Trainee: 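Questions regarding the structure given below will be posed in turn.
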Number of protein chains: 2
Amino acid sequence: MDAIDLSLVDLLRSNARLSYAELARQVGLSAPAVHERVGKLESSGVVRGYRADVEPEAIGLGVTALIGIVEDSGADSDDMLESLRVLPEIESCYFMAGVESFLLKARVGTIAELEQLIVRLNRTPGVASTRTAIALSTKWENRPQPVGPSPA
Amino acid sequence: MDAIDLSLVDLLRSNARLSYAELARQVGLSAPAVHERVGKLESSGVVRGYRADVEPEAIGLGVTALIGIVEDSGADSDDMLESLRVLPEIESCYFMAGVESFLLKARVGTIAELEQLIVRLNRTPGVASTRTAIALSTKWENRPQPVGPSPA
DNA sequence: ACTCTCCGTGGACGCCATCGACCTGAGCCT
DNA sequence: AGGCTCAGGTCGATGGCGTCCACGGAGAGT
């Protein structure tokens, strides 16, 4: 993980479809060298994948909610995690410090679907209670913060 | 936005570096047709960009926090938004229903940096108070939920 | 029926991805 | 010091891909 790797990561975080040739020009190496470096970043797990960033409303996911979950005392967090993992609406899942053990970001199409999701969550073994906050609008999301040296 | 567009979006959400040729094979069109469709999805704003999904710890961003912000009565939300937007640590920003007008997801390297961020936030005009919850671990994040027809 | 438009196909051409062979410098052992 | 070894780079070649263009068919409107 040297400065060139950081630059590559930065470049790919801002545009994952850059060609190896273009990456090579940006960092001052040859295309095969960049190809090998990116391959290593992928297989070492630094780069987990490449995602298109899609306007959620356009694909029928206009409702965003953040849901805190309080666990039953004595509940098994791992079992709960498995129950949460199978719910596709839960896009993100954080294990938190505080009363609420988990915080979920969920995305659904309608308020009715959100209601169903909350009901399902409250029925899940180990869940003592949930607290839902609805996002009225998303100002921005997953903005990549530059981390490398300032653009080489 | 027909079924083929949805498939393309799904494919690109799970792997943004698929070639047009490969996309074409998956959806049963020719490469130029796919090229044009994806171009339209981009220029119409359905596809906002392509991001590499990077392990945050690997780039020195090991601390994730969620911060709720209560606004001063009479504060101008737009001015506040501009103040928030310039803070690179704030990866996501939602305008919420409830007492806390904004919910931020911030990522920093150390607890000390988080402290600085919180201090800065509390000094920002229009901010009445903040409430910070620290994520002990991220179980998963930005998992794309399939939305199209089941894989054609 | 004619035509306009949209959206696709097929062909062509230059660039890119990717492989293999070779080069160079750092570190280390004898 | 000399030389081995390995990591990590460049260079060159080739097959596939991206992308431009001209062309064609289906459906709607007049």
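Values reported hereafter were calculated over all heavy atoms of this structure, with side chains retained and with hydrogens, waters and symmetry mates removed. Chain naming here is simple, since letters A, B, ... match the order of the sequence lines and numbering starts at 1 in each. Keep in mind the model is a prediction, meaning the values are calculated, not measured.
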Trainee: Whole Å only: how far is the OH atom of B:Tyr20 from the P atom of C:dG10?
Mentor: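 For the pair B:Tyr20 OH and C:dG10 P, the rounded distance is 20 Å.
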Trainee: Not counting sequence neighbours, list each pair that qualifies as a ring pair (Phe, Tyr, Trp, His ring centres under 6.0 Å) and has a residue in residues 57-97 of chain A.
Mentor: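 Residue pairs with at least one partner in residues 57-97 of chain A: A:Phe95-A:Phe102.
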Trainee: Within residues 32-40 of chain B, which residues have any heavy atom lying less than 4.0 Å from an atom of DNA chain C?
Mentor: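 Those residues whose heavy atoms fall under 4.0 Å from DNA chain C, taken from residues 32-40 of chain B in numerical order, are B:Pro32, B:Ala33, B:Arg37, B:Lys40.
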Trainee: Tell me every residue that passes side chain to side chain donor-acceptor pair (under 3.5 Å) with B:Asp76, counting only those two or more places apart in sequence or in another chain.
Mentor: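 So B:Asp76 forms no side chain to side chain donor-acceptor pair (under 3.5 Å) with any residue.
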Trainee: Classify A:Ser30 by what it touches in the nucleic acid, base, sugar-phosphate, or nothing, heavy-atom distance under 4.0 Å.
Mentor: base
Trainee: Could I get the full list of side chain to side chain donor-acceptor pair (under 3.5 Å) partners for A:Asn15, not counting sequence neighbours?
Mentor: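 A:Asn15: no side chain to side chain donor-acceptor pair (under 3.5 Å) contacts found.
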Trainee: For residues 125-140 of chain A, pull every pair meeting salt bridge (Lys or Arg N to Asp or Glu O under 4.0 Å), keeping only residues two or more places apart or in separate chains.
Mentor: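 As it turns out, the salt bridge (Lys or Arg N to Asp or Glu O under 4.0 Å) pairs with a partner in residues 125-140 of chain A, which skip direct neighbours, are A:Glu100-A:Arg131.
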Trainee: Who pairs with B:Arg143 by side chain to side chain donor-acceptor pair (under 3.5 Å), at least two apart in sequence or on another chain?
Mentor: none
Trainee: Please determine whether a side-chain nitrogen or oxygen atom of B:Arg17 lies at a distance below 4.0 Å from atom OP1 or OP2 of C:dA17.
Mentor: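 Checking C:dA17 against B:Arg17, no side-chain N or O comes under 4.0 Å of OP1 or OP2.
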Trainee: Please report, rounded to the nearest Å, how far the C1' atom of D:dG18 is from the CD atom of B:Glu22.
Mentor: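 One finds 15 Å between C1' of D:dG18 and CD of B:Glu22, rounded.
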Trainee: Please table the atom pairs, donor to acceptor, closer than 3.5 Å between any side-chain atom in residues 55-70 of chain A and protein atoms at least two apart or in another chain.
Mentor:
from	atom 1	to	atom 2	distance (Å)
A:Glu55	OE1	B:Arg48	NH1	3.2
A:Thr64	OG1	A:Arg107	NH1	2.9

Trainee: Check the interface with nucleotides 22-27 of chain C: list each N/O to N/O pair with the protein under 3.5 Å, or write none.
Mentor:
none

Trainee: With sequence neighbours excluded, what pairs up with A:Arg37 under the side chain to side chain donor-acceptor pair (under 3.5 Å) test?
Mentor: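 So A:Arg37 forms a side chain to side chain donor-acceptor pair (under 3.5 Å) with A:Asp2, A:Asp5.
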